[in-house]
Trainee: 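Please see the structure below; I have some questions.
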Amino acid sequence: QVQLVESGGGLVQSGGSLRLSCAVSGNIFTIHKMAWYRQAPGNQRALVAAVTNGNMPNYADFVKGRFTASRDHAKNTLYLQMNTLKPEDTAVYYCNAVITSDVRQGAKNYWGQGTQVTVSS
């Protein structure tokens, strides 16, 4: 089994910063891709940042220049440093990973439980 556990969410004032973490554990052969998504009430889940093996992170336009995604391969952990936060960044942030546990079964998509980020004006 594979588990993704997010942490680091909370309440912050506009202009503040938060750092999210997503730790992957379990039966891992290869992590192909990790990403952060977010979902605000009434909205669809949207990609925030994605880190694919061997490539630079990709960011949604609405976070470029403010958020930085990074991955610690040794710890199987993905981070999201969020600076200059705005009230419109308020959402549940989800960690996503594409992982191969058993090469006979191929890669599978996994989600964390989500962490709430609330930015007050």
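Along the sequence shown, residues are numbered consecutively beginning with 1. This structure is a prediction, so every number in the text was calculated from the model and none was measured.
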Trainee: Output yes when D61 and K64 qualify as a salt bridge under the 4.0 Å nitrogen-oxygen rule, no when they do not.
Mentor: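 Looking at D61 and K64, the cut-off is met.
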Trainee: List the atom of K86, the atom of V119, and the distance in Å for their closest heavy-atom pair.
Mentor: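 K86 and V119 have their closest heavy atoms at O-CB, 3.2 Å.
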Trainee: Does the side chain of N53 reach to within under 4.5 Å of the side chain of R71, using non-hydrogen atoms?
Mentor: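 Touching, per the 4.5 Å side-chain cut-off.
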Trainee: Give, for atom CG of L20 and atom CD of Q81, the distance between the pair rounded to the nearest 0.5 Å.
Mentor: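 Answer rounded to 0.5 Å: 9.0 Å.
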Trainee: List the steps, then state whether side-chain hydrogen bond (donor to acceptor under 3.5 Å, both in side chains) holds for R19 with N83.
Mentor: CA-CA 9 Å; R19 189 192 194 207; N83 298 327; over 6 Å; no
Trainee: Would you compute the distance between atom CZ of R45 and atom CG of N43 and round it to the nearest 0.5 angstrom?
Mentor: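 Nearest 0.5 Å value for the CZ-CG distance: 12.5 Å.
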Trainee: Mind checking the CD-OH spacing from Q39 to Y93? Nearest 0.5 Å is all I need.
Mentor: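 Reported value, rounded in 0.5 Å steps: 12.0 Å.
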Trainee: Out of curiosity, F67 CZ to S17 OG, how far, rounded to the nearest 0.5 Å?
Mentor: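 The OG atom of S17 is 9.5 Å from CZ of F67, to the nearest 0.5 Å.
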Trainee: Using every non-hydrogen atom in the two residues, find where F62 and A46 come nearest and quote the distance to one decimal.
Mentor: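 Between these two residues, the closest heavy atoms are CZ-CB, 4.5 Å.
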Trainee: State, yes or no, whether a side-chain contact exists between T30 and I99 at a heavy-atom distance under 4.5 Å.
Mentor: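 Of all side-chain heavy-atom pairs linking I99 with T30, none is under 4.5 Å.
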Trainee: If two hydrophobic side chains count as joined below 4.5 Å and joins carry through other members, does I31 share a cluster with Y94?
Mentor: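 Different clusters.
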Trainee: Looking at R38 and V92, would you say the former's side chain and the latter's main chain have a donor-acceptor pair under 3.5 Å?
Mentor: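 Answer holds: no.
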Trainee: For E6 and C95, work out which heavy atoms get closest and say how close.
Mentor: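 E6 and C95 have their closest heavy atoms at OE2-N, 2.7 Å.
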Trainee: What do you reckon, are the aromatic ring centroids of Y37 and W111 less than 6.0 Å apart?
Mentor: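 Aromatic pair counts; centres sit under 6.0 Å.
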Trainee: Give a yes or no on whether the backbone of S120 and the side-chain of S14 come within a donor-acceptor separation of less than 3.5 Å.
Mentor: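 No; judged by distance alone, with no hydrogens or angles, the pair does not exist.
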Trainee: Take atom CZ of F29 as the centre, draw a 6.0 Å sphere, and report whether it contains more than 12 heavy atoms from other residues, nucleotides or ligands.
Mentor: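 At most 12 heavy atoms, drawn from other residues, nucleotides or ligands, come within 6.0 Å of this atom.
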Trainee: Can you give me the closest heavy-atom contact between A35 and L47, atom names plus distance?
Mentor: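 The answer is CB-CD1, 3.9 Å.
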Trainee: Before giving the answer on side chain to side chain contact (heavy atoms under 4.5 Å, CB included), spell out for T100 and K108 the whole-Å C-alpha distance, their side-chain angles and the decisive distance to 0.1 Å.
Mentor: CA-CA 6 Å; T100 295; K108 296 182 180 181; over 6 Å; no
Trainee: Which heavy atom of T84 sits nearest a heavy atom of D89, and at what distance?
Mentor: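 Closest heavy-atom pair between T84 and D89: O-OD2, 4.4 Å.
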Trainee: Would you kindly confirm whether V51 and V2 end up in one hydrophobic cluster when ILVMFWY residues are joined by side chain heavy atoms under 4.5 Å apart?
Mentor: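 Yes, same cluster.
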Trainee: When you compare the side chain of T52 with that of H32, does any pair of heavy atoms fall below 4.5 Å?
Mentor: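 Answer no - side chains too far apart.
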Trainee: Between T77 and K75, is there a donor-acceptor pair closer than 3.5 Å when you use the side chain of the first and the backbone of the second?
Mentor: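 Checking the backbone N and O of K75 against the side chain of T77, a donor-acceptor pair under 3.5 Å is found.
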Trainee: Any side-chain heavy-atom pair from W36 and L78 closer than 4.5 angstrom?
Mentor: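 Yes, close enough: below the 4.5 Å cut-off.
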Trainee: Are any side-chain N or O atoms of N96 and backbone N or O atoms of Y110, one a donor and one an acceptor, separated by less than 3.5 Å?
Mentor: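 At least one qualifying donor-acceptor pair exists.
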Trainee: As an exercise, state the distance from OH of Y79 to SG of C22, rounded to the nearest 0.5 Å.
Mentor: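 The SG atom of C22 is 10.5 Å from OH of Y79, to the nearest 0.5 Å.
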Trainee: Nearest 0.5 Å please: distance from the CD1 atom of I28 over to the CG atom of N76.
Mentor: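 Between I28 CD1 and N76 CG, I get 4.5 Å after rounding to 0.5 Å.
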Trainee: More than 12 heavy atoms of other residues, nucleotides or ligands under 6.0 Å from CD of Q3: is that the case?
Mentor: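 Count not over threshold, so no.
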Trainee: Identify the heavy atoms of L85 and L18 that sit nearest to each other, and give their distance.
Mentor: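 For L85 and L18, the tightest heavy-atom pair comes out as CD1-N, 3.8 Å.
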